[in-house]
There are 2 protein chains.
Amino acid sequence: MAIDRRVVRTRTALYDALVALIRAKDYEAITVDDILDEANVGRSTFYAHFTSKDDLLQRSLERLRDLLVGVRQGALDGVEGGWDPARALFEHVGEYADVQAALAGGHGGAVLREAVDKVLADVLRQTMGAGPAGGLPRELVIQHMVATFNTTLRWWREHRPAMAPAEADALFRQLLLRGLPADVATPFIGADERVVKSLSGA
Amino acid sequence: MAIDRRVVRTRTALYDALVALIRAKDYEAITVDDILDEANVGRSTFYAHFTSKDDLLQRSLERLRDLLVGVRQGALDGVEGGWDPARALFEHVGEYADVQAALAGGHGGAVLREAVDKVLADVLRQTMGAGPAGGLPRELVIQHMVATFNTTLRWWREHRPAMAPAEADALFRQLLLRGLPADVATPFIGADERVVKSLSGA
DNA sequence: GCAATTTCCGAACACCGTGTCCGGTATCGT
DNA sequence: ACGATACCGGACACGGTGTTCGGAAATTGC
């Protein structure tokens with residue numbers, strides 16, 4: 001007994017409708033009725049497949065995750081043997097300006113970003129395997145990579161949209177691999193060792 | 001005509017009620033009626049002062065921001081001349097485990113974190129003034145500091161709650177000032193120069 | 001093709017939270 | 001004390017959510 005074609009049709013219709021709507025308006029502003037309208041699906045049918053709008057988003061992103069992992073696997077199996085996810089992402093996000101806007105957007109952005117972060121972290125977690133983490137906690141490293149990537153991406157699109165992908169990538173690498181010059185970080189980190197000592201001693 | 005005492009009473013009552021509720025349940029799950037209940041304020045009165053729950057949150061955080069800036073200013077004016085915000089934050093967040101939980105929480109967390117991030121960024125922005133940014137875009141630096149701090153903080157509370165504040169701070173400084181060892185970042189950054197070249201050449 | 005099964009529709013429904021309005025009352029500033 | 005202003009609280013319309021159910025339509029397996 002193969003899977004009923006009707007269910008895959010309705011589900012993909014709903015998936016597609018969601019992304020179409022995300023491209024058009026804030027995620028938070030999207031209503032279930034909107035999705036039903038866009039997908040041409042009955043209300044009861046929707047709730048027969050998903051428990052809520054958020055549930056739909058989750059499962060949509062699971063699809064995205066599987067796709068990313070698949071792509072990466074393909075690249076690894078290929079002869080080229082090379083794979084630079086960050087660079088590739090920077091190169092291609094420009095083609096999805098509307099998605100960018102959705103991710104940057106005021107209110108809906110937060111939940112959406114949260115979900116996307118989770119997916120990226122999942123992919124990285126699978127990718128890193130059990131390799132060395134340079135003495136740093138693996139999970140912290142993963143979260144930091146995701147956060148730094150997203151920070152760079154958002155800054156790029158919001159403050160320097162004209163910048164070339166390669167430049168954004170370079171900034172990203174600098175932040176991630178070399179960090180900040182000490183004097184730049186002073187306002188947050190403290191002035192110098194003397195100060196730190198005086199504080200902890202008091 | 002001095003400011004009517006009634007308005008400051010109701011407003012602080014609402015501020016306090018909000019934080020009390022945030023400590024008890026998810027931000028998203030908090031309803032206006034909950035706040036009204038907790039603060040003993042009439043519905044119409046609430047809407048006479050704030051336009052929505054989010055508005056209340058915003059203004060609450062503006063208060064927090066002013067407080068942070070004030071504290072910092074005081075520290076700068078003091079003779080000690082030292083100030084290590086990050087370290088101080090790491091030292092004290094342990095006392096607010098409930099707030100931590102609120103910030104970490106599944107759904108409500110996202111909006112809340114967004115707002116808090118904004119406040120931190122504001123404070124830093126004021127703090128940095130026009131100093132050098134080491135050739136890096138100032139806004140990017142600010143965002144990166146905030147993001148790295150929050151990443152470390154969340155990881156700490158979620159994965160190593162027993163860790164000492166000083167240790168968490170040390171990890172934070174390493175991520176921020178030295179970055180990641182290249183081999184650790186490979187899964188996200190690419191293998192080596194040869195690979196990068198082959199990709200960009202193709 | 002046909003029958004049995006599964007899915008879909010769509011309309012109706014109760015529920016809850018939001019934001020607004022208004023007359024009466026209490027509290028404030030001077 | 002008096003005028004102004006803020007508060008109360010109940011009622012209201014509105015919109016979105018999630019559920020239910022009988023009948024129609026599509027799909028599968030044979």
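Side chains are part of it too, since the values below use all heavy atoms of this structure and drop only hydrogens, waters and symmetry mates. Below, read A as the first sequence line, B as the second, and so on, with proteins coming before strands; counting in each chain starts at 1. This is a predicted model, so every value here is computed, not measured.
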Closest approach of B:Ala185 to A:Met145 (non-hydrogen atoms, all atoms of both residues): CA-SD, 4.1 Å
CA sep, side-chain torsions, deciding dist, call: B:Thr151, B:Phe172, side chain to side chain contact (heavy atoms under 4.5 Å, CB included): CA-CA 9 Å; B:Thr151 299; B:Phe172 168 65; over 6 Å; no
Rounded distance in Å - NZ (B:Lys53) to P (C:dT18): 7 Å
Nearest-angstrom distance from the residue atom CG of B:Leu36 to P of D:dC7: 12 Å
Residues B:Glu139 and B:Arg125 bridged, charged N to O under 4.0 Å: yes
Axis deviation across the helix from C:dG1-D:dC30 to C:dT30-D:dA1, five-pair ends, to the nearest 10°: 50°
Atom pair distance, as rounded to whole Å: CG in A:Asp33 and C1' in C:dC9: 14 Å
A:Lys118 bridged to A:Glu114 by N-O distance under 4.0 Å: no
d(CD1, A:Ile3; P, C:dC8) in whole Å: 13 Å
Under-4.0 Å salt bridge between B:Arg113 and B:Asp117: no
Options C:dT7, D:dG16, C:dT20, nucleotide nearest the side-chain atoms of B:Arg43: C:dT20
Sugar-phosphate only, base, or nothing, as touched by A:Arg9 at under 4.0 Å among non-hydrogen atoms: sugar-phosphate
Whole-Å gap separating P (C:dT6) and NE2 (A:His49): 14 Å
Nearest-nucleotide pick for B:Arg6, side chain only, options being D:dA25, D:dA6, C:dA11: D:dA6
Donor-acceptor pair present, B:Thr31 side chain and C:dG17 base, under 3.5 Å: no
A:Lys53 to A:Tyr27 six-membered ring, cation-pi geometry met (6.0 Å, 45°): yes
Contact under 4.0 Å: B:Thr45 side-chain N or O vs D:dC8 OP1/OP2: yes
Nearest to side-chain heavy atoms of B:Ser44, which nucleotide of D:dG10, C:dT7, C:dC8: D:dG10
A:Asp34 side-chain N/O to A:Thr31 backbone N/O, donor-acceptor pair under 3.5 Å: yes
Sugar-phosphate, base or nothing in reach of B:Asp34, heavy atoms under 4.0 Å: nothing
Touch class at under 4.0 angstrom, heavy-atom based, for B:Arg5 against every strand present: sugar-phosphate
B:Phe50 CZ - D:dA6 C1' separation (whole Å): 14 Å
Whole angstrom value for the distance that separates C1' of D:dA11 from OH of B:Tyr47: 15 Å
Residue whose nearest DNA chain C nucleotide is more 5′ - A:Asp4 or B:Ile30: A:Asp4
A:Leu21 CG to D:dG16 P, straight-line distance once rounded to whole Å: 13 Å
